[in-house]
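Read the numbers this way: they start at 1 and go in the same order the structure lists the ligands and their atoms.
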Amino acid sequence: MIPLLDLKAQYLSIKEDVDSAVKRVLEKQDFILGEDVVKLEEEIAAYSGAKYAVGVASGTDALMLSLRALGIGAGDEVITTPFTFAATAESISNAGAKPVFTDIDPHTYNIDPGLIESKITDKTRAILVVHLYGQCADMDPILDIAKRHNLKIVEDCAQSIGAAYKGRKSGSMGDAGCISFFPSKNLGGMGDGGMIITSNSGLRDKTRMLRVHGSNKRYLHDILGYNSRLDNLQAAVLRVKLRRLDSWITSRQNLALRYDELLSGVTGLVVPYRADYSTHTYHLYVVRLSRRDGLIDFLAKNGIESRAYYPVPLHLQKCFAFLGYSKGLFHNAEDASDRITALPVYPELNEKDQAGVADLVKEFFRFEA
Ligand SMILES: *Cc1c(COP(=O)(O)O)cnc(C)c1O
């Protein structure tokens, strides 16, 4: 069986360090906002090229607290992509604002900067950019639009930690960058976790307050906040993993290059596009197919996991029906939803297994053609 991701193999490769980090926290019993959270915040800020980082309970909370700290809420509109995980737009709605979708670039699957300006109204307050699959969206034109229209930029870096746009790390370009430590992410904890990165000290202070019930002094609450803290146990584990992150990303990049070669020339399949302005950390290795029907089942029957990330774009999800969008509005997002599939990619995947995956994909398409 070849899974999409093998977390057990990752754990076994770093077991000693993880176990002793957990033991250290158990001995200290500093579970809430303890020393490891503070250290991880410093380390992630330095890694990301931002001045500050604020640990929170999840990537979703990182998004929502960032929006709230930027003063975005009822009556405001936030422009974003419909081709992403639900949390992106969910956080806009839960902050009280309205998500406004615009279509993606068909090659990178990231928001198409050329379509953003037509969506700006006098209610638009921010652009929520997602760096999907580990590749940065084309930020320069987006930053330029934001500047001209006085909009905030929040970066959803749940899938892109370590990716760089023209040398600038994802999350460090906008007002706030939002990281997820969900176990399957490139830097994943052993449970939920997230972090906000920013170089704005006001935003740092506000998000720090929001994560502890709107308080910066015990039992004095200036604003309505949340209970949204990063666990110290998670932070201790994440610090062990952060030291390996760059080498894990390199392994993913090498695997991706190899898939590109193994799958080149397969009719009906397009390998991931690499934009020249960004590095790609391959959180997911996603291929585009002439038709997807049957491939996922065929691979599953042969012991290989693959998955459509994401099969339904957000404008067609039931939870966003109240926004009033309909099918046919965002052709590129809808087409991608119908045609893409993620193949197994993780640092511990060996070349033999990877070649086996590629052989089966080729076999399927030969049979199909
Ligand atoms: C995983 C993910 C999130 C949410 O992160 P959680 O830590 O699971 O809350 C948000 N946006 C994108 C694009 C994601 O992939």
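Judged purely by distance below 3.5 Å, without hydrogens or angles, the side chains of Tyr282 and Asn254 never pair a donor atom with an acceptor atom.
Taking distance alone, with nitrogen or oxygen atoms compared against 3.5 Å, Gly59 approaches ligand 1 more closely than that limit. In terms of polar-atom proximity, defined here as any N/O pair under 3.5 Å, Thr84 makes no such contact with ligand 1. Considering both main-chain and side-chain atoms, Ser180 comes within under 3.5 Å of ligand 1 through a nitrogen or oxygen pair.
Each of Val154, Leu128, Thr60 was scored for a side chain to side chain contact (heavy atoms under 4.5 Å, CB included) with Cys178, with one residue passing: Val154.
Atom CG of Asp103 is separated from atom CG of Leu329 by 9.5 Å, given to the nearest 0.5 angstrom.
Between His315 and Tyr325, the angle of the ring planes goes over 60°, which puts this pair in the perpendicular group of the 30/60° scheme. Ring geometry, Tyr277 versus Tyr165: the interplanar angle falls from 30° to 60°, so the pair is classed tilted.
Ranking the protein heavy atoms by distance from atom 4 (C) of ligand 1 puts Thr60 OG1, 3.5 Å first. Considering only non-hydrogen protein atoms, atom 2 (C) of ligand 1 sits nearest to Lys185 NZ, 2.6 Å. Protein heavy atom in closest approach to atom 15 (O) of ligand 1: Gln159 NE2, 2.8 Å.
Within ligand 1, counting atoms from 1 as listed, the ones closer than 4.0 Å to a heavy atom of Phe85 are 2 (C), 3 (C), 12 (C), 14 (C). Near Thr88, meaning under 4.0 Å from any of its heavy atoms, are these atoms of ligand 1: 11 (N).
For Lys98, the NZ atom sits in a loose shell: 12 or fewer heavy atoms of surrounding residues, nucleotides or ligands are nearer than 6.0 Å.
Ile72 and Ile79 fall into different hydrophobic clusters, where Ile, Leu, Val, Met, Phe, Trp and Tyr residues are linked whenever their side-chain heavy atoms come under 4.5 Å apart, directly or through other members.
Only the side chain of Asp156 comes within contact range of ligand 1, with a heavy atom under 4.0 Å; no backbone atom does.
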